[in-house]
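Below, chain A is the first sequence line, B the second, and so on; all start at residue 1.
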Number of protein chains: 2
Amino acid sequence: MRAALSERSGRRRRSDVPEATVARLPVYLRALHVLADGGSSTVSSEALAAAAGVGSAKLRKDLSYLGSYGTRGVGYDVAELVLHVSAALGLGRRWPVVLVGVGNLGHALAGYGGFDERGFCVVGLFDVDPARVGERVGEQVVRHLDELDDVVHSARASIGVITTPASAAQDVCDRLVAAGITSVLNFAPALLQVPAGVDVRKVDLSNELQILSFHEHRKAARALTGVPA
Amino acid sequence: MRAALSERSGRRRRSDVPEATVARLPVYLRALHVLADGGSSTVSSEALAAAAGVGSAKLRKDLSYLGSYGTRGVGYDVAELVLHVSAALGLGRRWPVVLVGVGNLGHALAGYGGFDERGFCVVGLFDVDPARVGERVGEQVVRHLDELDDVVHSARASIGVITTPASAAQDVCDRLVAAGITSVLNFAPALLQVPAGVDVRKVDLSNELQILSFHEHRKAARALTGVPA
DNA sequence: ACGCGCTTGTGAACGCATGCACGAAGTCGA
DNA sequence: TCGACTTCGTGCATGCGTTCACAAGCGCGT
């Protein structure tokens, strides 16, 4: 059960970083890499914040959740901060990732170089379509979904990516969880039901477009009725 | 203090829907479509909330920003609510979309059926690589980026999707904005600078994985230090 | 006709996140 | 050594978003 929530104190523990902050850490990390490649050895919160597209106060507060790694009067050491942020994100190791659903999007993700660069390596591609099983994609060969357990166990994978149609997503998710996956990145437009202890993040391309559509619609309406300051 | 809010201090205007609510409207809409396909003619906030994965109070408040379209004691009429949510999202029309960067991901998105289903139609694919220009993808032929202005104008497109490498993203974005695009969906891992009045939404696959990595890392640490599984 | 039960819509309380302002702590030059 | 300057870390206030709880409203059975 949930022994983890035994301590219900209102105070925030040191290792307890707010979710909004966690979501920005990858952005900071990328900005830091750019700065490092550009030759900077130190950077002020102001400069880093600008590079990351946030306010400097927010950035300092975010980083303060990880510890006090800045030097007053100087700024942050870029290389050192990269290490600390990476450590906080758990990027000190390579994360094996399995991907289920080798359709259009699955192909694209399997071939996306950005994953390997950032410490994620695809250790298995799966599908149920016999026409796709055996196909070679990048450095992997598409396996049948039945082999999922073997691969997850032997590679000790804990992260799974779902790029199936919505109708198959929940079933695939169940099989991933059964195999031992505890973090799921879901591209299928479906709400996934998972047991406690399993994290799910959803990326829905249509949703994003519809949100843009909302604002676009509003802009058009605003333009018709005269533009108030 | 703020002249802009002079109209009605306490009351929120009808067209002023909180951003967090806007982000959930597409989720509700999808859940409604599922319910409609399932034969439901009415649905309670409790049931719809469960289908969308949110709390019922939140759902009611969200919908109340659009108006009072429910019937007390009964619930919401599914078909009617679909219309109202669609209208709020500006889905009463088809939105022409241009896509720049026909690489791995661009191919996948161009072939993704989910867009057309939801009222977005790709009216132009663009790239700068001469090897890709002329290639046929789906029902479109890849054009050179120089033709962007013509297509955007003739199709009256206002939404652009960027699936280029990060290094090209800002330049492409500038050209989109110059052509008249006012909403951008950016898949490149880069921070885009845009003038006021242009909306940008960013989707970064690596970021999502890194956020999962954070939680996975924390789960592992937690398992070691205190909490017996 | 009328009350009873169900569900919506919303005011109010609460909690989280953001922005501000300033003390603390370090560097650099004289 | 000392003082002036720079920049971090953070308490505090503010605003947004979520949750709670309940009155208002509607249909239905009697």
Side-chain angles (χ1 to χ4, degrees), chain A residues 5 8-14 16-25 27-28 31-32 35 40-78 80-81 84-85 88 211 214, chain B residues 1-2 4-5 8-14 16-25 27-28 31-32 35 40-78 80-81 84-85 88 211:
Chain A
L5 291 183
R8 269 300 193 105
S9 84
R11 288 191 322 284
R12 193 184 286 279
R13 282 204 318 254
R14 187 71 181 296
D16 190 11
V17 182
E19 195 55 35
T21 295
V22 173
R24 283 187 293 267
L25 290 181
V27 179
Y28 301 155
L32 283 168
L35 287 168
S40 307
S41 67
T42 64
V43 64
S44 70
S45 66
E46 198 74 40
L48 181 53
V54 300
S56 63
K58 192 189 294 192
L59 179 128
R60 287 199 300 275
K61 184 157 291 201
D62 283 343
L63 293 184
S64 77
Y65 288 119
L66 309 184
S68 290
Y69 300 125
T71 305
R72 292 160 138 95
V74 177
Y76 300 91
D77 182 278
V78 175
E80 187 190 349
L81 197 51
H84 283 120
V85 175
I211 293 168
F214 172 88
Chain B
M1 303 296 265
R2 299 215 210 147
L5 293 181
R8 291 260 191 119
S9 56
R11 192 90 174 99
R12 195 188 280 273
R13 281 201 320 247
R14 177 117 181 303
D16 190 13
V17 182
E19 194 55 36
T21 295
V22 173
R24 283 187 293 268
L25 290 181
V27 179
Y28 301 154
L32 283 168
L35 287 168
S40 307
S41 68
T42 65
V43 63
S44 70
S45 65
E46 199 74 39
L48 181 54
V54 301
S56 62
K58 193 190 292 194
L59 179 127
R60 287 200 300 276
K61 182 151 288 204
D62 282 343
L63 293 183
S64 78
Y65 289 119
L66 309 183
S68 290
Y69 300 125
T71 305
R72 293 161 198 259
V74 177
Y76 299 91
D77 183 277
V78 175
E80 187 190 348
L81 196 52
H84 283 121
V85 175
I211 294 169

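For A:Arg60, there are no salt bridge (Lys or Arg N to Asp or Glu O under 4.0 Å) partners two or more places apart in sequence or in a different chain.
Spacing between atom CD of A:Glu19 and atom C1' of C:dC16 amounts to 12 Å, rounded to whole angstrom units. Note: CG (A:Leu48) to P (D:dG9) measures 12 Å, nearest angstrom. Atom P of nucleotide C:dT10 and atom CG of B:Leu66 are separated by 12 Å, given to the nearest angstrom. If you measure from atom NE2 of A:His84 to atom C1' of D:dC8, you get 16 Å, rounded to the nearest angstrom. Rounded to an integer number of Å, the gap from CG of B:Asp62 to P of D:dT18 is 7 Å. Between the OH atom of A:Tyr69 and the P atom of D:dG9 there is a distance of 10 Å, given to the nearest Å. Between the P atom of D:dT10 and the CG atom of A:Leu63 lies a distance of 12 Å, rounded to the nearest Å. At whole-Å resolution of the value, CG in B:Leu59 and P in D:dT19 are 12 Å apart.
The side chain of A:Arg24 approaches C:dT18 more closely than any other nucleotide in the set C:dT18, D:dG17, D:dC20. When distances run from any side-chain atom of A:Arg72 to the nucleotides D:dG17, C:dT7, D:dG9, the shortest one goes to D:dG9. Picking from C:dT10, D:dC12, D:dG17 the nucleotide with the shortest atom distance to the side chain of A:Lys61 gives D:dC12.
Note: B:Ser45 OG to B:Asp62 CG = 11.5 Å, rounded to the nearest 0.5 Å. Separation of atoms CD1 (B:Ile211) and CD (A:Glu19) is listed at 7.0 Å; rounding is to 0.5 Å.
Of the side-chain N and O atoms in A:Ser45, one or more sit less than 4.0 angstrom from OP1 or OP2 of D:dC8. Phosphate proximity of D:dG17 to B:Lys58: absent, as no side-chain N or O sits under 4.0 Å from OP1 or OP2. Look at B:Tyr65 and you won't find any side-chain N or O under 4.0 angstrom from OP1 or OP2 of D:dG17.
Both B:Arg60 and A:Val74 lie near DNA chain D, and the one whose nearest nucleotide falls closer to the 5' end is A:Val74. Both A:Gly55 and A:Gly73 lie near DNA chain C, and the one whose nearest nucleotide falls closer to the 5' end is A:Gly55.
No side-chain heavy atom of A:Leu32 sits less than 4.5 Å from a side-chain heavy atom of A:Tyr76. Side-chain contact between B:Leu81 and B:Tyr28 is absent, with no heavy-atom pair separated by less than 4.5 Å.
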